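Take a look at the structure below.
Keep in mind it's a predicted model, so treat the numbers as computed, not measured. Nothing fancy with the numbering, it's 1 onward along the sequence. Whatever order the structure lists ligands and atoms in, that order sets their numbers, starting from 1.
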Amino acid sequence: MIGVTDNLSIVKDLLAEAATDAKRGPASVRLLAVSKKQPLAKVFEAAAAGQRDFGENQVQEALPKIRAAEAENLIWHFIGHLQTNKTRQVAEHFDWVHSIDRLRIAERLNEHRPAGMPPLNVCLQVNLDDESSKSGLSPVDVQPLAALVHELPNLHLRGLMCLPAIRDGFEEQRKPFRILAELKEFISTTGIELDTLSMGMSDDFRAAIFEGATIVRIGTRLFGQRS
Ligand SMILES: *Cc1c(COP(=O)(O)O)cnc(C)c1O
């Protein structure tokens, strides 16, 4: 059976290959290992193989993992839907939040970020398919929220994130990622410097890298099917 260590080296090679094919430097793409619904042992295995960034989408599941792996000095990213009653725990225990989609959440994270910790890195989540079942801002609302979040002192607005509907074929997969990249460029023209595009998962990371992804969020390709 192929384990996490082997998967990690295979995925890293694929990311580097995609970056090179897209005429980008391999170091410009950061791998976020999505460990949601995966046992702690797999987090430790990936960490031992050098993986630093991990993503979780449920606070209750994430906190015990974060505590257990404290000595590993990992970087924890919250990538799930965030409710107002969980913002304190997220602000206290995570390094990144990819899923900001309303001002109230950003304000609460800003308020709860403990003094002495660096600003919380955040991305705005954009809903590019107008799917009411998914969270995320509509593209027209992104710039106004970016302007407000940019002003919050305990948050560091890094960029945009998307989770598009599943599409078949490389060219189709590229389309939503291109829109997110254009949105990031547009926001930069308004004087807000963004350096992050969090986009691409196990089945579409190559398309995302071609459109400029700086963080790809990969779960099953690294850790296998979720329990
Ligand atoms: C689960 C999840 C992923 C990883 O998905 P895989 O298809 O397993 O790679 C990425 N991003 C978000 C927001 C997720 O919830």
Side-chain angles (χ1 to χ4, degrees), residues 2-4 6-15 18 29-40 42-43 45-46 49 51-63 65-66 74-83 86 90 94-102 105 109 120-129 131-137 142 158-170 172-174 176-177 179-181 196-227:
I2 294 198
V4 173
D6 294 320
N7 285 342
L8 190 62
S9 89
I10 292 165
V11 167
K12 280 200 218 157
D13 285 349
L14 290 170
L15 299 184
V29 181
R30 179 168 171 178
L31 171 60
L32 172 51
V34 177
S35 51
K36 67 183 186 195
K37 297 191 178 61
Q38 300 285 358
L40 186 59
K42 291 190 178 180
V43 171
E45 188 178 346
Q51 177 61 26
R52 300 259 68 83
D53 292 276
F54 290 85
E56 290 282 335
N57 70 341
Q58 282 194 358
V59 178
Q60 301 95 303
E61 184 193 336
L63 293 188
K65 284 182 182 164
I66 294 174
L74 304 178
I75 301 166
W76 290 95
H77 299 242
F78 189 80
I79 60 173
H81 180 67
L82 188 46
Q83 293 161 332
K86 299 280 166 37
V90 169
F94 283 82
D95 304 290
W96 283 73
V97 174
H98 292 234
S99 45
I100 304 255
D101 64 358
R102 53 199 195 279
I105 291 290
L109 290 170
L120 182 64
N121 297 293
V122 299
C123 293
L124 305 185
Q125 181 174 352
V126 187
N127 184 344
L128 294 170
D129 296 301
E131 293 172 297
S132 50
S133 62
K134 277 190 191 159
S135 41
L137 290 155
V142 174
R158 298 294 298 270
L160 305 179
M161 178 271 225
C162 70
L163 187 60
I166 292 166
R167 288 167 170 79
D168 288 328
F170 183 66
E172 282 306 307
Q173 289 178 350
R174 285 180 69 162
F177 299 138
I179 294 171
L180 200 72
T196 299
L197 280 172
S198 167
M199 56 190 199
M201 321 202 310
S202 288
D203 294 325
D204 56 11
F205 64 81
R206 190 174 158 87
I209 289 171
F210 268 70
E211 295 298 340
T214 63
I215 298 180
V216 293
R217 308 179 310 265
I218 300 193
T220 40
R221 280 249 192 155
L222 287 175
F223 297 117
Q225 291 302 319
R226 287 178 275 274
S227 55

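Residue Q225 places its CD atom among 12 or fewer non-hydrogen atoms of other residues, nucleotides or ligands, all under 6.0 Å distant.
P176 has its side chain within reach of R167: a pair of non-hydrogen atoms, C-beta onward, lies under 4.5 Å apart.
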Quiz item: When you look at C123 and L160, which way does the side-chain contact (heavy atoms from CB on, under 4.5 Å) test go after all the steps?
Solution: CA-CA 5 Å; C123 293; L160 305 179; 5.8 Å; no
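Remark: aromatic rings of F170 and F210 are close, center separation under 6.0 Å. F94 has its ring centre no less than 6.0 Å from the ring centre of W76.
No hydrogens or angles considered: a donor-acceptor pair under 3.5 Å links the side chains of H77 and D53.
The contact shell of ligand 1, taken as protein residues with any non-hydrogen atom closer than 4.0 angstrom, comprises V34, K36, I79, M161, L163, M201, S202, R217, I218, G219, T220, R226.
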